[in-house]
Amino acid sequence: GENVEQHPSTLSVQEGDSAVIKCTYSDSASNYFPWYKQELGKRPQLIIDIRSNVGEKKDQRIAVTLNKTAKHFSLHITETQPEDSAVYFCAATPRSGKLIFGQGTELSVKP
Amino acid sequence: NAGVTQTPKFRVLKTGQSMTLLCAQDMNHEYMYWYRQDPGMGLRLIHYSVGEGTTAKGEVPDGYNVSRLKKQNFLLGLESAAPSQTSVYFCASSFKETQYFGPGTRLLVL
């Protein structure tokens, strides 16, 4: 069936370091890949997304890369700050049209 | 614009009780969704709607019913609550692929 695997489940970095979260998807027809950030007790909020016709997208300190052949995509956060601490979810839209979410990565940025 | 709102924010139910969660959006979005979020499980789709008067099952629909009588509202019902339905429930809406989430409803079933 359709699924999205996300790794790692927890990630701890020092302030200023980079953080990378990776996701793989099963349906090769997937064409939309958003990333959501969820702070404790808050709603998930879209931080960046990429479509299947693009290999990389960047927005200030965050970037997403997509490898359609390998069916995986990654979130890169550079120069991490304590306010980046949150749970991050990747998702993919397979041919069914419904978003399938990864299990989440809890990122902790230590000052 | 309020975006996506949910009512109530928190509720405690006893096993067997029923309740309805309300989701409202003021963005004129066609698509609306109900998810549940459990630790380590991510967000799982319960039911969704592609327009007023339509509903469809998601990944985990058992024990829930939904209705979309008005475009701006999407209701999630629990007819006979069970402890396994203790969770945080999020509603979302979208125009195309990008989904916008409500603040969530925390439900505890004793």
Side-chain angles (χ1 to χ4, degrees), chain A residues 1-11 21 23-27 29-54 57 59 64 66 73 75 86-106, chain B residues 1-10 21 23-25 27 29-51 54-61 66 74 87-108:
Chain A
E2 304 162 342
N3 75 299
V4 175
E5 295 288 333
Q6 182 173 347
H7 299 281
S9 56
T10 60
L11 180 59
I21 302 170
C23 290
T24 59
Y25 57 97
S26 59
D27 188 345
S30 297
N31 58 11
Y32 175 67
F33 307 89
W35 286 88
Y36 285 84
K37 175 183 180 182
Q38 186 178 27
E39 296 176 352
L40 189 63
K42 301 288 182 65
R43 73 188 79 190
Q45 293 200 300
L46 180 74
I47 55 171
I48 195 167
D49 56 12
I50 192 168
R51 287 178 168 76
S52 58
N53 59 347
V54 176
K57 185 176 178 180
D59 183 3
V64 57
L66 172 64
F73 56 112
L75 178 71
V87 178
Y88 292 81
F89 291 97
C90 65
T93 301
R95 68 190 75 216
S96 67
K98 301 184 292 291
L99 267 185
I100 305 294
F101 284 85
Q103 297 86 349
T105 296
E106 184 174 358
Chain B
N1 283 353
V4 181
T5 57
Q6 292 182 232
T7 328
K9 289 189 173 73
F10 177 69
L21 283 67
C23 176
Q25 52 95 5
M27 297 177 282
H29 286 166
E30 288 292 339
Y31 302 92
M32 296 187 75
Y33 314 83
W34 275 108
Y35 293 91
R36 61 177 289 172
Q37 184 175 38
D38 303 292
M41 304 285 285
L43 290 147
R44 294 183 292 169
L45 184 65
I46 305 171
H47 285 281
Y48 65 101
S49 168
V50 299
T54 74
T55 63
K57 294 180 180 179
E59 183 186 357
V60 288
V66 288
F74 195 28
S87 187
V88 180
Y89 292 85
F90 285 100
C91 173
S93 72
S94 70
F95 173 61
K96 289 187 177 178
E97 302 102 335
T98 303
Q99 295 187 18
Y100 299 89
F101 284 83
T105 294
R106 188 172 296 272
L107 177 65
L108 175 62

Find the distance between [atom1] ([X]) and [atom2] ([Y]) and round it off to the nearest 0.5 Å.
| X | Y | atom1 | atom2 | result |
| --- | --- | --- | --- | --- |
| B:Phe101 | A:Leu46 | CZ | CG | 9.5 Å |
| A:Phe101 | B:Gln37 | CZ | CD | 9.5 Å |
| B:Thr98 | A:Tyr32 | OG1 | OH | 3.0 Å |

By a 4.5 Å heavy-atom criterion (distance strictly below it), what part of A:Gln38 contacts chain B: side chain, backbone, both, or neither?
side chain
Part of A:Pro44 within contact of chain B (heavy atom distance under 4.5 Å)
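Both the backbone and the side chain of A:Pro44 come within 4.5 Å of chain B.
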How about A:Glu106: does its CD atom have over 12 heavy atoms from other parts shown lying under 6.0 Å from it?
no
Heavy atoms from other residues, nucleotides or ligands near CZ of B:Arg44 exceed 12 (cutoff 6.0 Å):
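It does: B:Arg44 CZ has more than 12 such atoms within range.
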Compare every heavy atom of A:Arg43 with every heavy atom of B:Gly102, then report the nearest pair and how far apart it is.
O-CB, 3.1 Å
Non-hydrogen atoms of chain A under 4.5 Å away: do they reach the side chain of B:Tyr31, the backbone, both or neither?
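Neither part, no heavy atoms under 4.5 Å.
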Relative to chain A, which segment of B:Leu43 carries a heavy atom at a distance below 4.5 Å: side chain, backbone, both, or neither?
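Looking at B:Leu43, backbone and side chain both touch chain A.
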Salt bridge between B:Glu59 and A:Lys98, side-chain N to carboxylate O under 4.0 Å?
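Judged by the 4.0 Å cut-off on N to carboxylate O distance, B:Glu59 and A:Lys98 do not form a salt bridge.
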